[in-house]
Amino acid sequence: MSSIRVLIAKVGLDGHDRGAKIVARCLRDAGMDVVYTGLHRTPEEVVTAAVQEDVDVLGISLLSGAHMTLIPRVVELMQAAGAGDMLLVVGGVIPDEDVPALRALGAADVLLQDTPPDAIVARVRELVAARQPR
Amino acid sequence: MRGEAEEGATTIMTDLDTLARELLAGSTRALARGLTWVESGGERAEALVARLYPRTGRAHVVGLTGAPGSGKSTLARALARGARARGRTVGVLAVDPSSPFSGGAILGDRIRMNDLALDPGVFIRSMATRGALGGLCRAAADGVDLLDAAGRDLILVETVGVGQDEVDVMRLAHTVVVVSVPGLGDDVQALKAGLLEIADLHVVNKADREGADRTLGELRSMLTLLPPAESPAGPDGAPAVEPWVPPVLPASAAREEGIEALMDALDGHMAYLKTSGELDRRWRRMVGARVLKIAQELVARRLAHPAAADADVDRVARRELSPHACARLLLTRLGERTSHV
Ligand SMILES: Nc1nc2c(ncn2[C@@H]2O[C@H](COP(=O)(O)OP(=O)(O)O)[C@@H](O)[C@H]2O)c(=O)[nH]1
Ligand SMILES: [Mg+2]
């Protein structure tokens, strides 16, 4: 009976959240509860919020190119917080060659900027369904 | 201070004992998971609340309500900071409306409170308003219990003051703060919808804006039109105490002005509740209303079960049974079924 909870966060310095907001609305329209935290969040803020909100999925959007420093920090903080059963999904502008590295770090998936909203919704559902029930 | 307990690095909490123990020990992760349980409702939520309920009763529960955009979330942040400065821990429950079409919600209240995230003394949780009759109220009340049992001294519950369900959520609070902004207009509507009667305290937020004095004046004169509150009898037959007169206070949540006075007024209201004996009476009313809500939700859920009604409704369709008689029949049958829903 409970719906999927997702936190969408923008970390880093870039000032665009149009894409993140579109994704948030699509997930909402698909019946999910989407916590939105706004621009310029730090990994610490994002992980604390995700833990308090106990989301199924932490979606981090980056356009700034700083993903290879910010995502490892997010993963480290998630582990330290005992949030090992939370799914991390990275989105935004990510060069193809970095995708395997992000997956290896523990990202459940990496969705590039051109992923259609329907595909994002489907992927989130799939990932949550495949995980242990809580 | 609680709220800073070591967190197990890989704990995945699925059993009640562990969850309750860690929650009581101050684990934020356990508190967060417990809130997920009560939000989804059902058997495990009931069991968790049953376990923790005896450990509640310490917190001051403050409701913040008012029109969208009036500054409730910003005020919650300011109050949380004020409470932290006074050495108290804080829990915030931000209840946002969900879309009537998809059932989903975008929960944006945290945007105003991001800088609190790094203080383990503040715990913020967003909740979507969904579900049948009373579902929101049940989940919010359970959530307040969890925050209380987890040792949060001040619990702030934010809801948009529209709709009966949200007014009912405010009835869970010891102190109800109604937030308005300069230039009444829309707010008068909101206040008419039952909020004026439940306010223990009025805040005119955005007092940094033009027209705040006028709004303060308008609100104060509007309040004088309300029938005077009865003088409550003191505790144990002591002489009657002066009734509480809801203060009307200006504040600028964004600039953190007027927050100290507001904090003092909140403390003043709690002190009044205690000395007047009103705390016990209010508590009795609160739990009475809560029990009724839970019962209504249970009945509504059982009635929603299609198989329960099919054959009888067929008889109504054939005009062998009147709609009223059928409804009564359904209710009688409800009592016979004891299975958990
Ligand atoms: N000028 C002014 N703006 C404020 C004040 N408090 C909040 N706001 C702004 O009002 C808007 C709505 O605030 P928010 O806290 O989200 O309102 P809520 O919908 O009632 O929770 C935001 O843009 C805030 O920055 C205030 O004291 N003064
Ligand atoms: Mg708000």
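In what follows, chains are A, B, ... by sequence order, proteins preceding strands, each numbered from 1. Model, not experiment: these values are computed from the prediction.
Options B:Ala117, B:Ser126, B:Gly108 differ in how many heavy-atom pairs under 4.5 Å they form with chain A, and the most are formed by B:Ser126. Most heavy-atom pairs under 4.5 Å with chain B: of the set A:Ala30, A:Ala24, A:Ala49, this distinction falls to A:Ala49. Heavy-atom pairs under 4.5 Å with chain A peak, among B:Thr36, B:Ile111, B:Asp115, B:Asn114, at B:Asn114.
Residue contact with chain A, scored on non-hydrogen atoms closer than 4.5 Å, is absent for B:Val92. Only the side chain of B:Arg44 comes within contact range of chain A, with at least one heavy atom under 4.5 Å from a heavy atom of that chain. Of the atoms belonging to B:Leu118, it is side-chain heavy atoms, and not backbone ones, that fall under 4.5 Å from chain A. Contacts of A:Arg41 with chain B are made by side-chain atoms alone, with heavy-atom separations under 4.5 Å and no backbone atom involved.
Between the CG atom of A:Asp33 and the CE atom of B:Met127 there is a distance of 10.5 Å, given to the nearest 0.5 Å. Taking CE from B:Met113 and OG1 from A:Thr37, the interatomic distance works out to 12.5 Å, rounded to the nearest 0.5 Å.
Of the listed residues (B:Leu107, B:Asp109, B:Ile106), just one forms a side-chain contact (heavy atoms from CB on, under 4.5 Å) with A:Val35, and that residue is B:Leu107.
A:Gln52 places a side-chain heavy atom less than 4.5 Å from the side chain of B:Arg110.
Proximity of a side-chain donor or acceptor of B:Arg33 to a complementary backbone N or O of A:Asp54 within less than 3.5 Å is not detected.
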